[in-house]
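We use all heavy atoms of the structure for the numbers below, so side chains are in, but hydrogens, waters and symmetry mates are not.
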Amino acid sequence: MPFGKKKNDSFDEDTADDMANDLDDGMNDAMSDAEDPASDTVDEDDLPFHELPIEVQFKKMPKRPLSRRSWLSKLLIITLFVFPFILTGIALIPVLDPETGWRLFHLNGPRVAVAVPGSERELQEEIARGVQDVQDRDRAAQAANQADKEKNAQSSDDPTDQLDGVSDLIGDPDQNGAVEDSGEPTPEELAAQIEEEGSVDDPIEPDPLRPAPIPGLDEEGSFGRIPRIGDDGTTPFDAYKRPFETVEDQPYVAIILTGVGLNQARTEAAINDLPLNISLGISPYARDISTVAREAREMGHEVFLQLPMEPKNFPLSDPGPRALLTSLSEGENLVRLEWLLARFPGYAGLVSHEGSKFGSMDSAIRPVIEFISRSGLMYVEGSNSGVASYGAQLAANAESPNAVGNVIIDEVPSRRQIDARLADLVKIAKTEGAAIGFAQSYPVTIQRLKNWAFRLRRQGVVLAPVSALANVQVTPQSADEAEAARLKAQELENANRVTTEEDAPEETDDTPSEPTETIEN
């Protein structure tokens with residue numbers, strides 16, 4: 001700013017004072033800055049990178065994307081944090097939903113072959129169709145009876161028409177006015193029977209059998225305790241069977257309910273609702289199998305162990321893991337038999353399951369029957385043909401307790417078919433003196449067996465345990481007959497083996513050989 005001059009060529013005094021003050025302030029600021037070096041401001045762009053502060057260096061470093069190792073480390077940290085919660089959730093599944101938990105933890109468990117083909121839903125649909133057929137038939141019969149009543153005037157001389165359904169109980173009158181015997185009880189007989197025997201819905205009183213195992217009737221095997229004949233000659237069959245005395249010339253029927261133990265509700269119904277003379281065949285694949293056998297014996301049922309064997313249509317029909325197979329050696333099958341025998345104590349014998357092929361081959365079934373005979377057990381043939389199979393005949397020749405099934409009661413699990421098969425069983429018993437029926441533990445089967453057994457004695461037939469019919473159906477062969485039967489069985493076995501080898505595809509050098517099948521660990 002230029003100094004102002006007065007007209008007399010002298011400086012303005014006020015302006016000079018202001019300039020002096022400004023110079024004085026500037027000098028003071030310069031001196032204060034010189035005394036305080038920290039007050040100096042330095043531009044960071046003018047300094048080298050290594051002289052910058054750490055935080056500034058971190059900001060100025062170039063940013064790169066995260067590496068794979070960085071992502072994996074983060075994933076590992078998250079997994080370690082979440083893993084305990086996942087384990088806790090899996091452990092709670094059996095508590096919250098036992099069925100799902102059982103399936104989750106038993107994915108590699110034994111698969112059980114069902115006697116009736118089809119799924120559970122198909123089975124229920126078949127049962128529903130059978131019930132519907134019965135209901136439709138009853139409706140049609142009622143409609144026909146009503147039409148006859150409307151067409152023909154009711155006669156006062158026929159008192160049976162006064163009450164609907166009386167003719168179904170006492171029969172229809174013939175031309176002479178006599179009433180045909182329909183085999184059903186009259187109302188008076190039914191009332192007397194109910195008063196004497198009780199109602200079908202009355203609870204069954206327990207009649208416990210001896211607790212098992214009985215000391216001296218078992219020994220240590222490869223997989224646990226297995227039955228044996230006692231030192232005093234007592235056999236497990238005699239010790240564990242249900243006591244029952246037969247009368248000469250009295251026809252008897254026996255029922256063995258198989259598949260017990262595979263379903264808890266059905267098992268409880270079979271044990272608690274069925275007559276005590278009905279024998280129970282427990283599956284070797286049942287859960288908590290020892291408890292099932294103990295509860296059945298505490299109720300009063302004699303129990304048998306199912307023996308899975310190879311059928312003719314194997315592997316289309318699979319009897320289950322550790323089943324006895326014709327493709328295995330004698331030693332291998334006997335090892336499997338020992339595993340089966342060690343499943344639980346207290347059974348009176350073995351009942352064959354499937355086994356149409358295995359039971360017909362001498363080299364396969366003979367060692368098994370000999371082992372069973374040495375153990376003092378009963379052998380029940382489950383072929384359900386009513387004819388003595390080779391295995392049952394071998395048991396009879398060895399003087400071992402044996403029996404043969406005659407009828408499959410619930411091959412079609414409907415009320416009509418079950419009642420028809422039970423009627424056939426009664427006819428066989430009246431003709432031959434004894435008959436044995438096989439059944440599965442279906443709810444409809446248990447219900448029909450309960451009703452059938454209540455009115456059985458009125459038909460002149462007595463329900464007996466399977467053990468009571470031992471050695472009744474099969475006659476032992478003489479030595480010559482047994483040898484001839486053995487030679488015939490070997491010839492058939494050799495012929496079948498030749499046929500199988502001819503039908504099998506030829507192996508080439510490039511074809512890998514199949515490993516030899518061994519038992520499961």
Next item on the list: Verify side chain to side chain contact (heavy atoms under 4.5 Å, CB included) between Ile255 and Leu425, making sure each step is shown before the conclusion.
Entry: CA-CA 10 Å; Ile255 301 293; Leu425 192 67; 3.5 Å; yes
Checklist line | Derivation of the side chain to side chain contact (heavy atoms under 4.5 Å, CB included) call for Glu302 and Val466 | finding: CA-CA 9 Å; Glu302 67 178 13; Val466 172; 4.0 Å; yes
Next item on the list: Apply the test side chain to side chain contact (heavy atoms under 4.5 Å, CB included) to residues Ile256 and Phe304: give CA-CA distance (whole Å), side-chain angles for both, the deciding distance (0.1 Å), then the verdict.
Entry: CA-CA 9 Å; Ile256 181 167; Phe304 287 79; 4.1 Å; yes
Check: Checking side chain to side chain contact (heavy atoms under 4.5 Å, CB included) for the pair Phe438/Val380: CA distance, chi angles, key distance, verdict?
Finding: CA-CA 11 Å; Phe438 275 68; Val380 182; 3.8 Å; yes
Next item on the list: Start with the C-alpha gap between Gln473 and Asn406, add the side-chain angles, then the distance that decides, and say whether side-chain hydrogen bond (donor to acceptor under 3.5 Å, both in side chains) holds.
Entry: CA-CA 10 Å; Gln473 300 167 300; Asn406 297 92; 3.0 Å; yes
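Neither side chain, Asn272 nor Glu295, offers a donor N or O lying under 3.5 Å from an acceptor on the other. For the residue pair Ser363 and Glu330, no side-chain donor N or O sits within less than 3.5 Å of a side-chain acceptor on the partner. Gln459 and Arg455 share no donor-acceptor pair across their side chains, judged by distance under 3.5 Å alone. There is a side-chain donor-acceptor pair under 3.5 Å between Thr234 and Asp232. Side-chain contact, Glu381 with Tyr379: a donor N or O sits under 3.5 Å from an acceptor N or O. Inspection of the Gln306 and Ser283 side chains reveals no N or O donor paired with an N or O acceptor under 3.5 Å.
Put simply, CD on Glu332 and CG on Leu337 are 12.5 Å apart, with the number rounded to the nearest 0.5 Å. Put simply, CG on Leu274 and CD on Gln447 are 10.5 Å apart, with the number rounded to the nearest 0.5 Å. Atoms OG and CD1, from Ser441 and Ile446 in turn, are 6.0 Å apart once rounded to the nearest 0.5 Å. For the atom pair Leu340 CG and Met309 CE, the distance stands at 11.0 Å (nearest 0.5 Å). Atom CD1 of Ile365 sits about 10.5 Å away from atom CD of Glu370, to the nearest 0.5 Å. With rounding to the nearest 0.5 angstrom, the CD atom of Gln417 is 11.5 Å from the CG atom of Leu422.
Judged by distance alone, the side chain of Arg242 and the main-chain N or O of Leu209 form no donor-acceptor pair under 3.5 Å. Checked by atom type and distance alone, the side chain of Arg228 never pairs as donor or acceptor with a backbone atom of Leu217 at under 3.5 Å. Remark: the backbone N or O of Lys241 is not paired with any side-chain donor or acceptor of Tyr347 at under 3.5 angstrom. In this structure, Ser400 contributes its side chain and Leu377 its backbone to a donor-acceptor pair below 3.5 Å. Formation of a donor-acceptor pair under 3.5 Å by the Thr326 side chain with backbone atoms of Phe358 is not found in this model. Proximity of a side-chain donor or acceptor of Asp238 to a complementary backbone N or O of Pro236 within less than 3.5 Å is not detected. Between the side chain of Thr267 and the backbone N or O of Gly261, at least one donor-acceptor pair lies under 3.5 Å. Remark: the backbone N or O of Ile278 is paired with a side-chain donor or acceptor of His301 at under 3.5 angstrom. Asn333 contributes a side-chain N or O that, together with a main-chain N or O of Leu325, makes up a donor-acceptor pair within less than 3.5 Å. The backbone N or O of Ser478 lies less than 3.5 Å from a partner atom in the side chain of Glu481, making a donor-acceptor pair.
Taking the side chain as every heavy atom from C-beta outward, Ile418 and Trp452 never approach each other to under 4.5 Å. A 4.5 Å side-chain heavy-atom check between Arg297 and Arg210 finds at least one atom pair inside the cut-off. With contacts defined as side-chain heavy-atom distances shorter than 4.5 Å, the pair Asp218/Pro213 qualifies. When side chains are defined from C-beta on, Pro284 counts as touching Leu305, because their heavy atoms get closer than 4.5 Å. For the pair Leu341 and Leu350, the minimum side-chain heavy-atom distance is below 4.5 Å. Gln477 has its side chain within reach of Gln393: a pair of non-hydrogen atoms, C-beta onward, lies under 4.5 Å apart. Counting heavy atoms from C-beta outward, Thr258 and Leu280 have side chains that stay 4.5 Å or more apart. Between Phe314 and Glu354 there is no side-chain heavy-atom pair separated by less than 4.5 Å.
Shown here is Gln250, whose CD atom has more than 12 heavy atoms of other residues, nucleotides or ligands within 6.0 Å. No more than 12 heavy atoms of other residues, nucleotides or ligands sit less than 6.0 Å from atom NZ of Lys427.
Looking at Glu483 and Arg486, a side-chain N of the basic residue comes within less than 4.0 Å of a carboxylate O on the acidic one, giving a salt bridge. The pair Glu220-Arg225 meets the salt-bridge criterion, since a charged nitrogen lies less than 4.0 angstrom from a carboxylate oxygen. Between Arg448 and Asp410 there is no salt bridge, since no side-chain nitrogen of the basic residue lies less than 4.0 Å from a carboxylate oxygen of the acidic one. Lys357 and Glu310 are joined by a salt bridge, as a carboxylate oxygen and a charged side-chain nitrogen come within less than 4.0 angstrom of each other.
When all heavy atoms of Leu463 and Ala453 are compared, the closest pair comes out as CD2-CB, 4.2 Å. Across all their heavy atoms, Leu469 and Ala254 have their closest contact at CD1-CB, 3.6 Å. When all heavy atoms of Val368 and Ala364 are compared, the pair lying nearest together is CG2-O, 3.6 Å. Across all their heavy atoms, Ala439 and Thr445 have their closest contact at CB-CG2, 3.7 Å. Between Ala403 and Ile436, the shortest heavy-atom distance links the atoms CB-CD1, 3.5 Å. Counting all heavy atoms, side chain and backbone alike, Ala429 lies closest to Val253 at CB-CG1, 3.3 Å.
Under the rule for a ring-ring contact (aromatic ring centres under 6.0 Å, His included), Tyr240 has no partner lying at least two apart in sequence or in another chain. Scored by the side-chain hydrogen bond (donor to acceptor under 3.5 Å, both in side chains) test, Asn313 finds no partners at all (sequence neighbours excluded).
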